[in-house]
Protein chains: 2
Amino acid sequence: MATGRTHRTATRSRGIPEATVARLPLYLRALTALSERSVPTVSSEELAAAAGVNSAKLRKDFSYLGSYGTRGVGYDVEYLVYQISRELGLTQDWPVVIVGIGNLGAALANYGGFASRGFRVAALIDADPEMAGKPVAGIPVQHTDQLEKIIDDNGVSIGVIATPAGAAQQVCERLVAAGVTSILNFAPTVLSVPDGVDVRKVDLSIELQILAFHEQRKAGEEADAQADAVLAAEAAAAEKAGKGPDGDVPAVMPA
Amino acid sequence: MATGRTHRTATRSRGIPEATVARLPLYLRALTALSERSVPTVSSEELAAAAGVNSAKLRKDFSYLGSYGTRGVGYDVEYLVYQISRELGLTQDWPVVIVGIGNLGAALANYGGFASRGFRVAALIDADPEMAGKPVAGIPVQHTDQLEKIIDDNGVSIGVIATPAGAAQQVCERLVAAGVTSILNFAPTVLSVPDGVDVRKVDLSIELQILAFHEQRKAGEEADAQADAVLAAEAAAAEKAGKGPDGDVPAVMPA
DNA sequence: GTTTGTGAAGCGATTCACAGCG
DNA sequence: CGCTGTGAATCGCTTCACAAAC
């Protein structure tokens with residue numbers, strides 16, 4: 001059943017695989033776009049294309065939520081929007097605080113995507129006394145001193161950390177102590193939190209580094225194409241010498 | 001994840017699993033911190049703790065790069081920093097353009113984490129003519145008209161899209177046509193790109209929705225705990241009445 | 001002794017392929 | 001028929017556990 005032992009198996013929640021949960025917002029976005037165009041129904045194939053996944057995966061994902069489709073027809077757009085919203089907990093209002101109102105924090109405060117989906121910026125918090133009272137995105141910045149009170153007064157359970165790396169862990173601890181149990185971390189640090197607190201991180205620099213890796217590989221592959229030609233020639237020569245083509249390892253393999 | 005279709009074996013690149021590649025920047029960050037504290041060597045256990053992963057995973061990850069450790073001792077910090085940097089392609093300079101200089105684009109331009117790791121903001125591009133010439137983070141914004149020329153002149157292969165969702169696909173196509181082969185997308189849209197182009201996406205709203213899901217589940221579990229208490233009481237009562245405890249379903253279950 | 005590097009087992013996610021239903 | 005829903009096969013990543021190296 002849903003309860004089971006206290007925590008431990010945090011991998012699946014309510015039987016829905018984590019990977020599926022991560023894709024539900026994607027489906028929801030695509031469905032919302034269809035809904036705005038008054039499209040009544042959609043097939044797994046169409047919706048999958050709109051969400052950028054493959055249709056078998058989408059159907060499997062939906063199967064974890066229940067049988068919401070009609071065979072031979074597809075899915076009712078409005079109904080699915082509701083079901084996924086409910087599953088994600090977006091039918092309720094989530095007050096959120098943003099801590100660290102620098103460039104990024106201010107950009108987040110101004111980001112429209114928050115408000116549009118049940119997330120409400122309840123407060124902006126910064127350690128700089130000079131910022132206090134200054135409005136950002138129409139919301140006055142409050143000093144860190146008020147953090148605990150703000151969390152408590154507003155019943156905040158989701159916090160966004162956009163402070164410098166050095167301050168992040170301390171802010172995190174205060175948020176958690178004050179009752180926050182989900183954290184979105186933009187600071188380039190590993191946060192350590194007690195069990196039962198969820199942390200997701202967004203690190204711009206890491207994303208770029210991953211792209212750089214692949215970019216470098218692409219440049220290398222051009223060179224490899226030439227190397228392959230050489231190897232092919234060698235293989236042909238080796239075959240003449242009575243040696244099998246599977247005998248040796250490509251030059252790109254590590255020793 | 002990234003793209004890749006006709007490529008078939010795009011899952012692994014140069015034999016290094018994608019999941020490992022995604023962690024290398026994490027290790028690198030932890031190692032850089034150690035390096036700044038002049039720590040000469042580190043064990044897999046210590047480094048794993050600093051990077052927030054488990055040590056077996058870290059050792060397996062490093063094993064894909066080669067045998068860079070010393071048994072009984074650990075890893076040489078400086079040497080590993082170099083090896084990982086090289087593997088990630090950070091020993092070279094990557095010029096990057098940011099397209100869409102709104103709140104987020106400006107925040108990205110100001111973000112110090114780019115410059116610190118071989119990424120250089122070569123240009124800022126925006127469609128608003130009023131922005132043209134205005135400096136952001138010390139770099140003058142250029143108009144979208146110049147996009148192709150900028151990419152070409154600077155040999156840019158990595159582009160960051162921070163435009164509104166509606167403009168993203170079009171910008172993407174222009175970037176790709178001009179020669180960009182890696183894209184970091186902040187716009188809440190699915191970008192479609194030709195084979196050979198990598199896309200990574202960062203979506204703030206999606207991250208929050210995932211947190212909301214888990215947050216809701218936590219709230220549900222508290223309810224379950226209460227429900228369990230009720231069920232236990234009922235079961236006790238039922239037992240007295242001679243009825244089995246498995247008769248009914250918790251109210252939170254779907255129909 | 002300590003710690004790495006790695007086969008092998010375990011596990012979750014993806015994909016296939018088709019039965020089942022409208 | 002068309003399209004969903006899903007067992008079964010497959011794939012890739014994680015974790016275990018220990019032999020090899022220092």
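Each chain gets a letter, A, B and so on, in the order its sequence line appears, and its residues count up from 1. From a predicted model like this one, the values you see are computed outputs, not experimental measurements.
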Query raised in the report: To the nearest Å, how far apart are A/Lys60 NZ and C/dC18 C1'?
Result: 13 Å
Requested in this report: Assess whether atom CD of B/Glu45 is packed by more than 12 heavy atoms of other residues, nucleotides or ligands within 6.0 Å.
Outcome: no
Query raised in the report: Hey, is the side chain of B/Arg71 pairing donor to acceptor with the base of C/dT3 inside 3.5 Å?
Result: no
Report summary line: A/Glu18 CD to D/dT14 C1', in whole Å, measures 16 Å
Query raised in the report: Separation of B/Asp76 atom CG from C/dT3 atom P, in whole Å?
Result: 16 Å
Query - Residue whose nearest DNA chain C nucleotide is more 5′ - B/Gly74 or A/Ala19 - result: B/Gly74
Query raised in the report: What's the closest nucleotide to the B/Thr70 side chain, out of C/dG5, D/dT15, D/dC22?
Result: D/dC22
**Report entry** Validation row, ring centre A/Tyr79 to ring centre A/Tyr82 under 6.0 Å
**Finding:** no
Report summary line: In whole angstroms, the gap separating P of D/dT4 from CZ of A/Phe62 amounts to 10 Å
Query raised in the report: Whole Å only: how far is the NZ atom of A/Lys57 from the C1' atom of D/dT10?
Result: 14 Å
Report task. Would you check if A/Cys172 and A/Asn185 make a side-chain contact, meaning some heavy-atom pair closer than 4.5 Å? Result -> no
Query raised in the report: How many Å lie between CG on B/Leu58 and P on D/dC16, as a whole number?
Result: 15 Å
Query raised in the report: Between C/dT3 atom C1' and B/Arg59 atom CZ, what is the distance in whole Å?
Result: 7 Å
Query raised in the report: Centroid-to-centroid, A/Tyr68 to A/Phe62, below 6.0 Å?
Result: no
**Report entry** Contact under 4.0 Å: A/Ser44 side-chain N or O vs D/dC3 OP1/OP2
**Finding:** no
Query raised in the report: Which is true for A/Tyr75 with a 4.0 Å heavy-atom rule: it touches a base, it touches only sugar-phosphate, or it touches nothing?
Result: sugar-phosphate
Query raised in the report: C/dT15 phosphate, OP1 or OP2: any side-chain N/O from A/Asn54 under 4.0 angstrom?
Result: yes
Query raised in the report: Nearest nucleotide by nearest heavy atom, which residue falls closer to the 5' end of DNA chain C, A/Thr20 or A/Gly72?
Result: A/Thr20
Query raised in the report: Atom CG of B/Asp61 and atom C1' of C/dT4: how far apart are they, to the nearest Å?
Result: 14 Å
Query - Main-chain N/O of B/Val81 paired to B/Ser85 side chain as donor or acceptor, under 3.5 Å - result: yes
